[in-house]
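Some notes on the structure that comes next.
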Number of protein chains: 2
Amino acid sequence: MTSSRDFDNTRAVWYHFSAFYIILKGAVGNLTGTRQRKEMQTSIKKNWLLDKAGMLFWQKGYHATSMKDLANVCNCKPANFYNYFKNKEDILYEVIKNITEQGVSSIRHLDDDEETSPVEQLRSLIKSHFGYLASMKQSSILLSDTGIKYLSREHRKEIIELRDLYDSILRKIIRRGIEDGEFAPTDEQVVSNLIASVVVRSSIWFSNKGRLSVDEVGEIMFNFVYSGIGGE
Amino acid sequence: MTSSRDFDNTRAVWYHFSAFYIILKGAVGNLTGTRQRKEMQTSIKKNWLLDKAGMLFWQKGYHATSMKDLANVCNCKPANFYNYFKNKEDILYEVIKNITEQGVSSIRHLDDDEETSPVEQLRSLIKSHFGYLASMKQSSILLSDTGIKYLSREHRKEIIELRDLYDSILRKIIRRGIEDGEFAPTDEQVVSNLIASVVVRSSIWFSNKGRLSVDEVGEIMFNFVYSGIGGE
DNA sequence: AATAAGTTAATGAACATACATTAACTTATT
DNA sequence: AATAAGTTAATGTATGTTCATTAACTTATT
């Protein structure tokens, strides 16, 4: 009994010292009512769990990761996840959704910007998305490539729609570039897939500790793509 | 009992009528001694099993594929696999080894060929690798990408060595192209990653049933890459 | 201010199920 | 007769999930 309680306290303290968690929790502050504050804390904890789950799913693969594995990494018991998520698939879904949404939002500002030239937009797209990917430590956007098949039909559909949003932004840039004569005319659909591949798969081979910096690689990547679609 | 036996016979007949199997088995012919012939037939059946297993691993993922699933596709019982393979991991290993070896051997001739121009070599590499990937039905996920983490340490090492061979061939082509002045000088390491990304991820978005043929997409892909590294 | 009612986050135990693998046995082939 | 190919049945283990319960908090009522 006593040891169990002691352990709970230890655990609670541990949670609050987890860097990410404590910072966000602090940011919530005392501005809101206790009710809302609690809800926010819950969602923070939920995101923290998702973060951990994402790492594990990416490292070990979805099916190779058991609820027990998840629980171990999160310092709790498997059952506790069911206070936050409907089931295991739901965890994967939320992980993938977050990753994909962040990818989209890292380039969303380009969508309704008709002023900037397509070339500059392309540079911005590549650099901001690649930069974002390089900044995430463990989990990877490629999880949304590999994990999508384990999702339920509805969830899969939602993710695909999200991804289409990303694609449509990219395609629009290419279309404008071709119309303006800045890019050589090619199949905008295929080419946007090629470009996305280059960016997204960087998370497999790029390392922050490597020979080249994010900026240097980003520049090489942009030059490659830019020449690839017949610019310059 | 009787019905079970009847079913077995049906199954046996079915095996021998499976197109791939019967052709190969016929090809073995009566030229060799009975002992060797039997061994060859065994290995043919084994490869046939590997082929089926590969498709399933590819579609569903390794851990999501049960021995029962495999047995269903191969019209036999799970236990029978243990007459051919040590365990499940062994099946995965052989599948991945085959895939990787085929991928590598389709481009190996480029390695010690100093005659053909780098441009043509690059075209050949891209088209044959992409063509190979496209020929796999049920386009889904990069098995050799995601599957290797489920292999034992030794098996994984072997596969990685094979893959390194692929990389080194690609890098060599790029290096020669830069030296010859056919390609613009860039970082050969990064660029080879970019190229491999483009080719490998095609298995996610390319469909044989789509608007464009393998050849058309292959051409667009090559042009993209070729311009990308500053050719033409 | 004190107490009652309700909520959240966590737990351990129990669950049915599905899994890979094995051993013993039967049938088919040479 | 010997070996190969296949089956049946059984086994131990691990899995995802549910359930009742508890402690700590928050909100509502008096």
Side-chain angles (χ1 to χ4, degrees), chain A residues 1-16 21 25 32-46 48-49 53 60-72 74-92 150, chain B residues 1-16 21 25 28 30 32-46 48-49 53 60-72 74-92 150:
Chain A
M1 287 301 127
T2 61
S3 73
S4 160
R5 265 308 106 206
D6 286 355
F7 186 60
D8 282 353
N9 290 337
T10 320
R11 189 180 304 134
V13 169
W14 193 91
Y15 279 159
H16 292 77
Y21 187 41
K25 188 168 174 181
T32 50
T34 51
R35 178 60 188 255
Q36 287 172 45
R37 191 162 69 238
K38 186 148 203 180
E39 271 173 18
M40 287 190 85
Q41 283 178 203
T42 301
S43 101
I44 287 167
K45 178 72 187 274
K46 192 172 168 178
W48 183 81
L49 293 174
K60 309 186 53 152
Y62 172 67
H63 274 102
T65 304
S66 68
M67 294 300 294
K68 209 173 171 184
D69 292 333
L70 288 182
N72 279 340
C74 297
N75 290 82
C76 68
K77 306 289 153 173
N80 192 31
F81 282 91
Y82 295 85
N83 288 317
Y84 296 87
F85 308 97
K86 226 179 87 234
N87 50 33
K88 195 185 173 190
E89 187 264 347
D90 197 40
I91 303 178
L92 179 65
Y150 306 129
Chain B
M1 284 303 129
T2 60
S3 75
S4 159
R5 266 307 110 205
D6 287 354
F7 186 60
D8 282 353
N9 290 337
T10 320
R11 187 180 304 134
V13 168
W14 193 92
Y15 277 160
H16 293 78
Y21 187 42
K25 190 168 173 181
V28 173
N30 284 329
T32 50
T34 53
R35 179 60 190 253
Q36 286 173 44
R37 189 162 70 238
K38 194 153 198 178
E39 272 174 15
M40 284 189 87
Q41 283 180 198
T42 301
S43 102
I44 288 168
K45 179 70 188 275
K46 193 172 168 178
W48 183 81
L49 292 173
K60 308 185 52 156
Y62 172 67
H63 272 103
T65 304
S66 66
M67 294 300 293
K68 210 172 168 184
D69 292 333
L70 289 182
N72 279 339
C74 298
N75 289 83
C76 68
K77 306 289 153 171
N80 192 30
F81 281 92
Y82 295 86
N83 288 317
Y84 295 86
F85 307 97
K86 226 177 86 233
N87 50 32
K88 194 186 172 189
E89 189 263 346
D90 196 39
I91 302 178
L92 177 66
Y150 306 131

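Here is the naming used below: chain letters follow the sequence lines, and residue numbers restart at 1 for every chain.
Side chain B:Asn80 to base D:dA5: no donor-acceptor pair is found below 3.5 Å.
Checking side-chain atoms of B:Asp69 against main-chain N and O of B:Ser66 turns up a donor-acceptor pair under 3.5 Å. In this structure, A:Asp90 contributes its side chain and A:Lys86 its backbone to a donor-acceptor pair below 3.5 Å.
For A:Asn72 and D:dT15, the CG to P distance is 11 Å, given to the nearest whole Å. Rounded to an integer number of Å, the gap from A:Trp48 CH2 to C:dA9 P is 14 Å. Distance B:Phe81 CZ to C:dC19 C1': 15 Å, rounded to the nearest Å. Regarding B:Leu70, its CG atom lies at a distance of 11 Å from the C1' atom of C:dA20, rounded to whole Å. Separating the NZ atom of B:Lys77 from the C1' atom of C:dT27 is a distance of 15 Å, rounded to the nearest angstrom. Atom CG of B:Asn83 is separated from atom C1' of C:dT29 by 15 Å (rounded to the nearest Å). Atom CZ in B:Phe85 sits about 11 Å away from atom P in D:dG6, given to the nearest Å.
In plain terms, the two heavy atoms of A:Tyr150 and A:Glu89 that are nearest each other are O-CG, 3.8 Å. In plain terms, the two heavy atoms of A:Ile91 and A:Ala53 that are nearest each other are CG2-CB, 3.8 Å. Nearest heavy atom pair, residue A:Pro78 against residue A:Ala71, reads N-CB, 3.4 Å.
Between A:Lys46 and C:dA9 there is no side-chain polar atom (N or O) within less than 4.0 angstrom of OP1 or OP2. Distances shown here put a side-chain N or O of B:Lys45 below 4.0 Å from the OP1 or OP2 atom of D:dG6.
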Return the polar atom pairs (N/O with N/O) between nucleotides 16-19 of chain D and the protein under 3.5 Å, or none.
unit_1 : atom_1 : unit_2  : atom_2 : d
D:dG16 : OP1    : A:Lys88 : NZ     : 2.7
D:dG16 : OP2    : A:Met67 : N      : 2.7
D:dT17 : OP2    : A:Tyr82 : OH     : 2.5
D:dT17 : OP2    : A:Lys88 : N      : 2.9
D:dT17 : O5'    : A:Tyr82 : OH     : 3.2

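Between the SG atom in B:Cys74 and the CE atom in B:Met67 there is a gap of 9.5 Å [rounded to 0.5 Å]. Atom NZ of B:Lys45 is separated from atom CG of B:Asn83 by 10.0 Å, given to the nearest 0.5 angstrom.
Not a single side chain to side chain donor-acceptor pair (under 3.5 Å) links B:Lys68 to another residue, sequence neighbours left out.
Direction of the helix axis in the helix from C:dA1-D:dT30 to C:dT30-D:dA1 shifts by 20° between the two five-pair termini, rounded to 10°.
Figure legend: B:Lys88 and B:Tyr62 shown as a cation-pi pair, the cationic atom lying under 6.0 angstrom from the six-membered ring centre and within 45 degrees of its axis.
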